[in-house]
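Just so it is clear, the structure is predicted and the values come from calculations on it, not from any experiment. Worth knowing before you read on, the calculation uses all heavy atoms, side chains too, and leaves out hydrogens, waters and symmetry mates.
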Amino acid sequence: MPTLDFHPTGRHFLQIPGPSPVPDRILRAMSYPTIDHRGPEFGALGQRVLKGIAQIFQTKHPVIIYPASGTGAWEAALTNVTSPGDHVLMYETGHFASLWQKMATRLGLKTEFLGLPGMEGWRRGVQAHMIEERLKADTQHAIKAVCVVHNETSTGVTSNILAVRKAIDAAKHPALLMVDSISGLASADYRHDEWGVDVTISGSQKGLMLPPGISFNAVSPKAIEASRTAKMPKAFWAWDEIIEMNKGGYWPYTPSTNLLYGLAEACDMLLAPEHGGLPAVFARHQRWGEGVRAAVRAWGLDIQCADPAVYSPVLTGVMMPEGIDADAVRRVIYERFDCSLGTGLGKAKGKMFRIGHLGDCNDLTLMAALSGCEMGLKLSGVKLAASGVAAAMDFFASHPAPQLMQKAA
């Protein structure tokens, strides 16, 4: 058994953009005794979490819950609505969009990857006009689905999903709209029904503040209809049996009971009307992101996302000057100040690190993380224009939170 409690005194600062810190009240809920997953108590739990998670996706349609990672939910989404050899249009905004495209190719789909060239495409959101132009050229309607990432965790870019929906509609194309909101859900505003999304993929370990281990497909009636004729092999991932058994609060396999306890608690926390519900959650994350970006600008460093209109409320990517290894800086911050930051992935490897500002944190949590970053940058020889810590302090002090946060402990 590895030594898990290896951190020095005090609390470890987990400031990666997921998995995010799990609130004490969710940990306590997960410690309840496991119950019979065919008994009446479980049926009530199942119906409770299915109702709550649908509210978080902002949908009136089914949300399928899997005992799997977000990668499993990617595969579930693709296998339920496509047939071998189908043509899918995917858009490259970062590392996770690339991984989803790789999976689709391995499943036997014909993938077409749109995007801006080089690193430019990783610093901006989805260019909806490119999707519209491509779909207009597809006069035979060979493209069966358009796949985009809502909040690209590798880059700190949150794309405009409604613009993608409008682009598909403007092209008068029947393709399904499939969206990865693994890191966006419950942190950034997301509206499955209103934005006309057919399949939304998400996971437990980001804005929902749970450990990794459960993932989701939110599905539209159009997606369910497509699943009835799709020929891709599937058994465990198949929606039909799950949707049918979910009507009574049950699953056709053994579900992750204790994670569902945690999900029920997370839904209560996120939806609580006395604490502002989802609008307050989204406003809180926007404010945290603005405070962290104030620090990065004061340091004189570039923000990975080059378009302020699509800055992520979930994380901020910090670009390193030429000649500075971002992973070496991260290592100093981790070893000296017990703070974990996200690494650069794919094309951004070694060029940037990522600061997560999501879930169970507050102003002082972020101030501590930024202090660790500032000290680590100085120790690594990075010349800073000014104190980012002071800039963030000024921002948080002069922009009080409009809504009190719900107690997480």
Specify the closest pair of heavy atoms between [X] and [Y], including all atoms of both residues, with the distance to one decimal.
| X | Y | answer |
| --- | --- | --- |
| L358 | S20 | CG-CB, 4.1 Å |
| R293 | Q286 | NH2-O, 4.4 Å |
| S204 | P211 | OG-O, 2.7 Å |
| F282 | S187 | CD2-O, 3.5 Å |
| V81 | A223 | CG1-O, 3.8 Å |
| V63 | L50 | O-CD2, 3.5 Å |

message: Set out, in order, the CA-CA distance, both residues' side-chain angles and the distance that settles side-chain contact (heavy atoms from CB on, under 4.5 Å) for V310 and N160, then state yes or no.
response: CA-CA 8 Å; V310 292; N160 186 334; 5.6 Å; no
More than 12 heavy atoms from other groups under 6.0 Å of [atom1] on [X]:
| X | atom1 | value |
| --- | --- | --- |
| K166 | NZ | no |
| K222 | NZ | yes |
| R106 | CZ | no |
| M393 | CE | no |

Main chain of [Y], side chain of [X]: is a donor-acceptor contact present, judged purely on distance under 3.5 Å?
| X | Y | answer |
| --- | --- | --- |
| D338 | F13 | no |
| Q47 | K247 | yes |
| H285 | A188 | no |
| Y261 | R28 | no |
| D86 | L109 | no |
| N246 | Y250 | yes |
| S69 | T71 | yes |
| E241 | W239 | no |
| T200 | V179 | no |
| E152 | F96 | yes |

Could you go through residues 312-323 and list every donor-acceptor pair under 3.5 Å that involves a side-chain atom there, pairing it with any protein atom two or more places apart or in another chain?
unit_1 : atom_1 : unit_2 : atom_2 : d
S312   : OG     : N151   : OD1    : 2.7
S312   : OG     : V314   : N      : 2.9
S312   : OG     : L315   : N      : 3.4
T316   : OG1    : H357   : NE2    : 2.9

query: Hey, mind stepping through L78 and E75 against side-chain contact (heavy atoms from CB on, under 4.5 Å) and telling me if it holds?
result: CA-CA 5 Å; L78 290 170; E75 182 165 339; 5.9 Å; no
Candidate pair V148 and L177, rule side-chain contact (heavy atoms from CB on, under 4.5 Å), full reasoning: CA-CA 8 Å; V148 297; L177 173 56; 4.3 Å; yes
To the closest 0.5 Å, what do you measure between [atom1] ([X]) and [atom2] ([Y])?
| X | Y | atom1 | atom2 | result |
| --- | --- | --- | --- | --- |
| L114 | Q101 | CG | CD | 11.0 Å |
| I182 | S215 | CD1 | OG | 7.5 Å |
| M375 | I333 | CE | CD1 | 9.0 Å |
| L14 | T365 | CG | OG1 | 11.0 Å |
| I56 | L263 | CD1 | CG | 7.0 Å |
| E112 | I143 | CD | CD1 | 5.5 Å |

message: Side chains of T111 and T105 only: does a donor on one sit below 3.5 Å from an acceptor on the other?
response: yes
- request: Please state whether the rings of W74 and W100 are parallel, tilted or perpendicular, taking 30° and 60° as the class boundaries.
  value: parallel
message: Parallel, tilted or perpendicular, judged at 30° and 60°: which one describes the rings of H399 and F395?
response: parallel
Flag the pair [X] / [Y] as yes when at least one side-chain heavy-atom distance between them is below 4.5 Å, and no otherwise.
| X | Y | result |
| --- | --- | --- |
| Y253 | Y66 | yes |
| Y334 | H12 | yes |
| S159 | T93 | yes |
| T153 | K206 | yes |
| P84 | M232 | yes |
| M245 | W251 | no |
| I214 | L208 | no |
| E92 | S98 | yes |

Using a strict threshold of under 4.0 Å (side-chain N to carboxylate O), is an ion pair present between [Y] and [X]?
| X | Y | value |
| --- | --- | --- |
| D327 | R330 | yes |
| D240 | R228 | no |
| R287 | D363 | yes |
| D360 | R11 | no |
| D198 | R165 | yes |
| E120 | R124 | yes |

What side-chain donor-acceptor pairs closer than 3.5 Å can you find for residues 298-308, not counting sequence neighbours?
unit_1 : atom_1 : unit_2 : atom_2 : d
W299   : NE1    : E374   : OE1    : 2.8
Q304   : NE2    : W122   : O      : 2.9
D307   : OD1    : A309   : N      : 3.0

message: Using the rule given for side-chain contact (heavy atoms from CB on, under 4.5 Å), can you reason through I26 versus M269, listing the C-alpha separation, both sets of side-chain angles and the distance that settles it, and then say yes or no?
response: CA-CA 9 Å; I26 289 180; M269 294 172 69; 4.0 Å; yes
